[in-house]
Student: 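Let me begin by handing over the structure; questions about it come next.
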There are 2 protein chains.
Amino acid sequence: MPKNCNFIEKLREVGLRPTKQRVKMCEVLYNREKTFHFTINDLVKLLSEKMNQKISLATVYNTVHAFEKKGYLKEISIDSHKSYFDTNTSAHHHFFDEDTHELIDCDESDIDKVNIRKNITGKKINSVEVLVRVASDNQTQK
Amino acid sequence: MPKNCNFIEKLREVGLRPTKQRVKMCEVLYNREKTFHFTINDLVKLLSEKMNQKISLATVYNTVHAFEKKGYLKEISIDSHKSYFDTNTSAHHHFFDEDTHELIDCDESDIDKVNIRKNITGKKINSVEVLVRVASDNQTQK
DNA sequence: ATCTACATTATAATAATTCTAAACTGTTGA
DNA sequence: TCAACAGTTTAGAATTATTATAATGTAGAT
């Protein structure tokens with residue numbers, strides 16, 4: 001979903017009703033310079049700051065999942081205890097900063113294309129995800 | 001932890017007391033031909049089948065985490081809702097079968113070495129993980 | 001055999017997420 | 001314009017995965 005667009009129209013295009021809550025979520029997620037990585041918790045905090053009226057936690061979950069299904073968001077698995085989402089839905093890889101728990105997009109030029117020599121017989125490849133875990137140089141890591 | 005070893009000695013070596021429960025868990029995890037991928041739930045089921053006496057859920061969690069800390073197990077993130085563990089602790093990548101929710105080790109020869117051209121400044125790379133999601137060819141996928 | 005630190009246990013607590021059922025609201029079309 | 005319906009939102013309950021607690025048990029040293 002490109003920034004600066006008419007969110008009402010965009011929502012309608014994929015068959016989602018442009019309700020107040022959904023439009024607000026679009027603004028929070030897509031009216032920004034860079035792609036945005038967040039957990040549900042982050043998003044709830046942001047929304048409750050930026051909205052005058054409150055939004056239900058269940059609505060945030062529903063809406064995030066509706067956006068995900070429609071390809072407006074991508075889920076990233078890093079840590080089994082939290083779901084991270086990414087407003088950049090194109091195929092790309094990530095750095096995960098284990099000090100700050102921050103997720104950072106890789107530029108296409110950062111990582112060479114991953115070459116899969118042999119796939120499981122009878123299956124097709126849906127996606128190839130690379131996660132590079134990084135941390136401060138001067139710190140004990142597991 | 002190689003199979004066929006004396007688990008009591010192995011546990012002692014890393015400073016874990018070889019209790020009944022821990023030795024039993026070693027047998028279930030490491031007395032097998034191939035590396036083993038499992039969720040806590042899988043393991044609890046297996047243990048309660050193979051043991052005459054019962055084992056507490058909390059003990060399974062504690063012991064899995066003790067093994068992980070000592071390098072006997074590796075945690076794999078695939079899905080934010082479940083923790084998968086792997087008895088193969090060497091650096092290697094995975095296929096994840098989205099039909100069966102099965103995790104499969106990649107052979108070293110299956111995937112070429114991933115070339116990271118540019119890392120985040122001031123950080124060192126802790127690990128590089130590739131996850132290849134696969135599914136049946138004749139099936140609708142997201 | 002006894003002691004002590006570490007383990008195990010059942011249960012309670014917490015956290016993340018999903019479900020439920022009632023109230024609400026876009027949208028359609030009369 | 002407005003009634004009607006289907007999709008949405010909501011608060012709170014339920015569920016699931018995981019961790020904490022505190023009492024009891026046990027391995028290993030003395």
Side-chain angles (χ1 to χ4, degrees), chain A residues 6-28 37-48 51-70 72-73 75-85 101, chain B residues 6-28 37-48 50-70 72-73 75-85 101 103:
Chain A
N6 180 340
F7 295 125
I8 294 179
E9 268 317 306
K10 282 284 163 192
L11 285 168
R12 228 187 285 272
E13 274 169 28
V14 295
L16 290 175
R17 277 194 194 166
T19 59
K20 280 194 282 297
Q21 292 85 343
R22 283 177 176 164
V23 173
K24 192 68 197 178
M25 271 188 56
C26 283
E27 286 168 15
V28 169
H37 300 107
F38 61 93
T39 64
I40 295 285
N41 217 321
D42 297 335
L43 184 55
V44 168
K45 265 194 216 126
L46 260 176
L47 282 168
S48 54
M51 280 178 85
N52 30 5
Q53 75 188 122
K54 71 183 301 186
I55 186 166
S56 159
L57 183 60
T59 303
V60 178
Y61 274 100
N62 291 340
T63 309
V64 163
H65 288 143
F67 283 8
E68 193 197 1
K69 196 179 294 175
K70 298 298 182 176
Y72 282 180
L73 289 173
E75 186 169 5
I76 315 287
S77 295
I78 282 143
D79 172 308
S80 2
H81 314 111
K82 263 175 200 151
S83 290
Y84 283 77
F85 291 88
H101 283 202
Chain B
N6 181 339
F7 294 127
I8 294 181
E9 268 319 305
K10 282 284 163 191
L11 285 168
R12 230 188 283 273
E13 274 170 28
V14 295
L16 289 175
R17 276 198 194 163
T19 59
K20 279 194 283 297
Q21 291 84 345
R22 282 177 176 164
V23 173
K24 192 70 197 175
M25 270 187 57
C26 282
E27 286 169 13
V28 169
H37 300 107
F38 62 93
T39 63
I40 295 286
N41 217 320
D42 298 335
L43 184 56
V44 168
K45 264 193 218 130
L46 260 176
L47 284 168
S48 53
K50 301 219 168 177
M51 279 178 87
N52 29 4
Q53 77 188 121
K54 72 185 299 187
I55 187 166
S56 159
L57 182 61
T59 303
V60 178
Y61 273 102
N62 292 342
T63 309
V64 163
H65 288 142
F67 283 7
E68 192 196 1
K69 198 179 293 173
K70 297 299 184 176
Y72 283 179
L73 288 173
E75 187 169 4
I76 315 287
S77 296
I78 282 144
D79 171 310
S80 2
H81 314 110
K82 263 173 201 154
S83 289
Y84 282 77
F85 292 88
H101 284 203
L103 193 59

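Every heavy atom of this structure was used, including side-chain atoms; hydrogens, water molecules and symmetry mates were not. Reminder, nothing fancy here: chain letters follow the sequence lines and each chain counts from 1.
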Student: Given D/dG28, C/dT9, D/dT10, which nucleotide is nearest the side-chain atoms of B/Pro18?
Tutor: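 The answer is D/dG28.
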
Student: Answer with yes or no whether the side chains of A/Asn62 and A/Thr59 bring together a donor and an acceptor at under 3.5 Å.
Tutor: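 The criterion, which ignores hydrogens and geometry beyond distance, is not satisfied for A/Asn62 and A/Thr59.
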
Student: Figure out the CD1/P separation between A/Ile78 and C/dA16, and round it to whole Å.
Tutor: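 Whole-Å distance recorded here is 15 Å.
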
Student: Establish, with yes or no, whether the OP1 or OP2 oxygen of C/dT8 is under 4.0 angstrom from a side-chain nitrogen or oxygen of B/Lys54.
Tutor: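 For B/Lys54, the contact criterion (side-chain N or O under 4.0 Å from OP1 or OP2 of C/dT8) is not met.
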
Student: For C/dT25, does OP1 or OP2 lie under 4.0 Å from any side-chain N or O of A/Gln21?
Tutor: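 Answer no for this pair, as no side-chain N or O of A/Gln21 is under 4.0 Å from OP1 or OP2.
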
Student: Please check the phosphate of C/dG26 (OP1 and OP2 only) for any side-chain N or O of A/Lys20 closer than 4.0 Å.
Tutor: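 It does, given that an N or O in the side chain of A/Lys20 lies less than 4.0 Å from OP1 or OP2 of C/dG26.
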
Student: A/Arg22 CZ to D/dG7 P: how many Å, rounded?
Tutor: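 That distance rounds to 11 Å.
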
Student: According to a strict under-4.0 Å criterion, is A/Arg12 in side-chain N/O contact with OP1 or OP2 of C/dG26?
Tutor: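 False: A/Arg12 side-chain N/O out of range (4.0 Å or more) of C/dG26 OP1/OP2.
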
Student: Is any side-chain heavy atom of A/Leu43 closer than 4.5 Å to a side-chain heavy atom of A/Met25?
Tutor: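 A/Leu43 reaches A/Met25 side chain to side chain.
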
Student: A side-chain contact here means heavy atoms from C-beta on lying under 4.5 Å apart; do A/Lys10 and A/Val14 qualify?
Tutor: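 No, side chains not in contact.
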
Student: Specify the separation, in whole Å, of atom NZ of B/Lys24 and atom C1' of C/dA7.
Tutor: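 Computing the B/Lys24:NZ to C/dA7:C1' distance gives 19 Å.
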
Student: Could you pull out all residues at least two apart from A/Arg17 that satisfy salt bridge (charged side-chain N to carboxylate O under 4.0 Å, His left out)?
Tutor: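 For A/Arg17 there are no salt bridge (charged side-chain N to carboxylate O under 4.0 Å, His left out) partners, ignoring immediate neighbours.
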
Student: If you only use heavy atoms from C-beta on, which nucleotide in C/dA10, D/dT18, D/dT10 is closest to the side chain of B/Ile40?
Tutor: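 Closest nucleotide among those given: D/dT18.
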
Student: Taking CG from A/Asp42 and C1' from C/dA16, how many angstroms apart are they, rounded to a whole number?
Tutor: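 Value for this atom pair: 14 Å.
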
Student: When you compare the side chain of B/Phe67 with that of B/Leu11, does any pair of heavy atoms fall below 4.5 Å?
Tutor: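 Side-chain contact under 4.5 Å: yes.
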
Student: Roughly, in whole Å, what's the span from CG in B/Leu11 to P in C/dA7?
Tutor: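 To the nearest whole Å, that distance equals 11 Å.
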
Student: For C/dA16 and A/Ser83 - does any side-chain N or O of the residue sit under 4.0 Å from the phosphate oxygens OP1/OP2?
Tutor: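 No, no such contact exists.
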
Student: Check the distance between C/dT25's C1' and A/Ile8's CD1 and give it to me in whole angstrom.
Tutor: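 After rounding, the reported distance stands at 14 Å.
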
Student: Quick check on D/dT18: is either OP1 or OP2 less than 4.0 Å from any side-chain nitrogen or oxygen of B/His65?
Tutor: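 Checking D/dT18 against B/His65, no side-chain N or O comes under 4.0 Å of OP1 or OP2.
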
Student: To the nearest Å, how far apart are A/Asn62 CG and C/dT25 C1'?
Tutor: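 Taking CG of A/Asn62 and C1' of C/dT25, I get 16 Å after rounding.
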
Student: Given that B/Arg17 and B/Gln53 both sit by DNA chain C, which one's nearest nucleotide is further toward the 5' end?
Tutor: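 On the 5' side of the pair lies B/Arg17.
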
Student: Determine: side-chain N/O of B/Tyr61 to OP1/OP2 of D/dT19, distance under 4.0 Å, yes or no.
Tutor: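 It does not, given that no N or O in the side chain of B/Tyr61 lies less than 4.0 Å from OP1 or OP2 of D/dT19.
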
Student: For B/Leu57, report the nucleic acid contact type (base, sugar-phosphate, nothing); a contact means any heavy atom under 4.0 Å.
Tutor: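 Base: the residue B/Leu57, judged by heavy atoms under 4.0 Å, touches a nucleobase.
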
Student: Under 3.5 Å, side chain of A/Thr63 to main-chain N/O of A/Val60, donor-acceptor pair present?
Tutor: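 Checked: no pair found.
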
Student: Would you mind telling me which of D/dT18, C/dT17, C/dT9 lies closest to the side-chain atoms of B/Thr59?
Tutor: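 Side chain of B/Thr59 sits closest to C/dT9.
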
Student: Which sits closer to the 5' end of DNA chain D, B/Ala58 or A/Thr19, going by the nucleotide each is nearest to?
Tutor: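 Counting from the 5' end, the first nearest nucleotide belongs to A/Thr19.
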
Student: Can you measure B/Lys69 atom NZ to D/dT19 atom P for me and round it to whole angstrom units?
Tutor: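 Going from NZ in B/Lys69 over to P in D/dT19 covers 11 Å.
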
